[in-house]
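Order of appearance sets the numbers: ligands from 1, and atoms from 1 within every ligand. As the structure is a prediction and not an experimental result, all values here were calculated from the model.
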Amino acid sequence: MSTKSPDCDVIIVGAGFSGVRALWETINRGLSVTCLEAGSDVGGVWFWNRYPGARTDSEGWVYSMNFAPGMKNLWNYGERYPAQGEVQQYISRVSDNFDLRKHIQFDTQVKSCHFNDADNTWTITTAAGKTLTCRYFIAATGPLSIAKKLPFPGLEGFKGDWYQTSSWPKDKIDFAGKRVAIVGTGATGVQIIPKIAAVAKEVVVFQRTPNYVLPGRNYVIDSDDADRIRSNYDQTWTLASNHPFGLPMIPSGKVLKDMKDEAEIRQMLDKSWEAGGFHMQFETFDDIFTDAESNAVVSKYLREKIHAVVEDQKTADILSPKYPFLSKRPPCGHFYYETFNKPSVKLVDIYHDEIDVNETGVRTVKAGDQYDVDIIVFALGFDAATGALCEMDVRGRGGQSLKENWDKKVTSFAGALVPGFPNMFMICGPHIPFGNMPVVLDSKVEWIGKTLEYMKTQSLASIDVKNEAVDAFLEDLNVAFKSTLFAETAEKSGAWFVGANIPGKAKGPLFYFGGVQNWQNWLNKESNDNWSSMIFSQPVAA
Ligand code: NAP
């Protein structure tokens, strides 16, 4: 048994929003910390996803951080939905302000994380073969960071250029005068398609499942707006922290049955459509997530909007989802449907087909149509929630593999701890609330900080979670999910939040749909009650 002290108290893997937030938390609690980051700068998903059109679709006034006094002065977004570069610079500014960079090792990909039973430490090994040991391993690896693998065997022979949105090159790509194929019409595809269509000679969009794309209605934040946002910074944060999805929105307090007539329904939906963004699902009918009739009214309204914007009605039909609104996470678009009115843009429906790539372009397998192009762009999505942790070889007590366990069943306590993996904390792994991530991860990281401080003051060597606590949490998670309409439809429509977008992945809710506050209660109950659902061990005598 090793009696040597670990290299540091904490190793954080990932320097995106959650890694930066966790760095501040752990340093301020007096722990020695190293953060390992695969990219050459901070930002996480905002470092890699620098494709044209990439921007938030939560509003910028709440896509931020608020963990220390005066943070409103670091907030400086210039648009309602800040673009990728602005968000990356924001995370960078926060890191510099708190002098966090000196704790981060960049260009450092983590290959494995192994728990050492003998002394309750973790050994973290990088792709370059370097090892570091720590007492606590914090996975700040993000919910959407591992791209879906490209399933096109013919891609190797393609003579043109191809790009994947999730690892976009730093240098500008010139699409002017080019024939471009774009595969994927999720939130990413919806952002990049209008940008490429604005300059390319021809664009062919391959759509498998259509989405309900809400108009974003982005605008520039002028200095008056910015002053107002800063002076309301704390109130906005509080409002978002008390919202089930972490957004500063105010539910209407009305359900469909409260509406007096068609005109009142129309007025409410028009108002949200004009406001743009997520106001459609969070400020119209409060029962839109649970009542089939209410949801059907909104779904029909959105399909009619698609038909009103898109001139060719056959194209509008293909773009219109048949499943209920919210079965998949709706993207936010900026002139998305309008783009299909351009003569240079063609939509190919592959819902009942599939594609492969060959030397000159993309071919539909069943229909046998060939589309010759110069460039292919893939926006195929992510192996959500579990992907990043499963890609590293994470092994807990007795050498058990996290991936093998999760291939059978994804378990966690409130998305924070996994039984059998002592001293491992997840920030944005599975079972966190579905919602605006910066708000969700803030309270999680604070709880991790409190837990580590408790362990320090009590001189505890390891923390694990009791199976009963995990079972009770998962029961609540499943009940909350089953109360939604999309419990029935998400899997069929291929939603990533139930793992349905990755062939062979276990299906089930990967996120908590009971609201941020109910999820927070699971964590608070522990910190208010001396962590009674946890199993702690004392240090082993040398
Ligand atoms: P996504 O929603 O999973 O979309 C992936 C797209 O690729 C889908 O249209 C999918 O079709 C298609 N696809 C996958 N495999 C395919 C195949 N073999 N052949 C043809 N098409 C295929 O992924 P995403 O667009 O990257 O978005 C994921 C999430 O990331 C979003 O929901 C959002 O939470 C987040 N995101 C956020 C922002 C933002 O904040 N602004 C921007 C981008 C992404 P099917 O639907 O049929 O599977």
- Message: Between ligand 1 and Ser493, is the shortest N or O to N or O distance under 3.5 Å?
- Response: no

- Is it true that Asp383 and Lys148 make a salt bridge, defined as a side-chain N closer than 4.0 Å to a carboxylate O? no

- Hey, is Glu79 close enough to Arg55 for a salt bridge, meaning N to O under 4.0 Å? yes

- Axial cation check for Phe47 ring with Arg50, 6.0 Å and 45° limits: yes

- Query: Is the closest side-chain heavy-atom distance between Leu347 and Leu319 below 4.5 Å?
  - Reply: yes

- Mind checking whether Ile350 contacts ligand 1 via backbone (N, CA, C, O), side chain (CB onward), both or neither, at a 4.0 Å heavy-atom cut-off? side chain

- At a 4.0 Å threshold, what atoms of ligand 1 neighbour a non-hydrogen atom of Val183? 20 (C), 21 (N)

- Query: Run the side-chain contact (heavy atoms from CB on, under 4.5 Å) check on His334 and Val190 step by step: do they pass?
  - Reply: CA-CA 8 Å; His334 301 279; Val190 161; over 6 Å; no

- Message: Heavy atom to atom 13 (N) of ligand 1, shortest distance: which of Asp353, Leu380, Asn436 holds it?
- Response: Leu380

- Query: Which atoms from ligand 1 have a heavy atom of Pro151 less than 4.0 Å away?
  - Reply: 18 (N)

- Task: Can you sort out which atoms of ligand 1 are near Tyr51, meaning under 4.0 Å from one of its heavy atoms?
- Result: 42 (C), 43 (C)

- Message: side-chain contact (heavy atoms from CB on, under 4.5 Å) for Val516 and Ser241? Distances and angles first, verdict last.
- Response: CA-CA 7 Å; Val516 173; Ser241 304; over 6 Å; no

- Message: Heavy atom to atom 37 (C) of ligand 1, shortest distance: which of Lys148, Lys149, Arg329 holds it?
- Response: Arg329

- Message: Taking only non-hydrogen atoms of Phe206, do any sit less than 4.0 angstrom from ligand 1?
- Response: no

- Message: Does either side chain, that of Glu354 or that of Thr364, offer a donor lying less than 3.5 Å from an acceptor on the other one?
- Response: no

- Task: Determine, for Lys149 against Glu391, whether the closest basic-nitrogen to carboxylate-oxygen distance falls under 4.0 angstrom.
- Result: yes

- Item | Partner of Tyr323 under ring pair (Phe, Tyr, Trp, His ring centres under 6.0 Å), chosen from Tyr212, Phe486, Tyr351 | Tyr212

- What are the atoms of ligand 1, with element, lying closer than 4.0 Å to any heavy atom of Arg55? 39 (C), 40 (O), 41 (N)

- Provide the number and element of each atom of ligand 1 under 4.0 Å from a heavy atom of Thr185. 6 (C), 8 (C), 9 (O)

- Examine Ala379 against ligand 1 and note whether any of their N/O atoms are separated by less than 3.5 Å. yes

- List every atom of ligand 1 that sits less than 4.0 Å from any heavy atom of Leu144, numbering the atoms from 1 in the order shown and giving each element. 29 (C), 30 (O), 34 (O), 35 (C)

- Message: Taking only non-hydrogen atoms of Gln207, do any sit less than 4.0 angstrom from ligand 1?
- Response: no

- Answer yes when Asp353 and Lys366 have at least one side-chain N-carboxylate O distance shorter than 4.0 Å, and no when they do not. no

- Message: Side chain or backbone, does Gln191 bring an N or O within less than 3.5 Å of an N or O on ligand 1?
- Response: yes

- Task: Within a distance under 4.0 Å of any heavy atom of Phe382, pick out the atoms of ligand 1 and give their elements.
- Result: 26 (O)

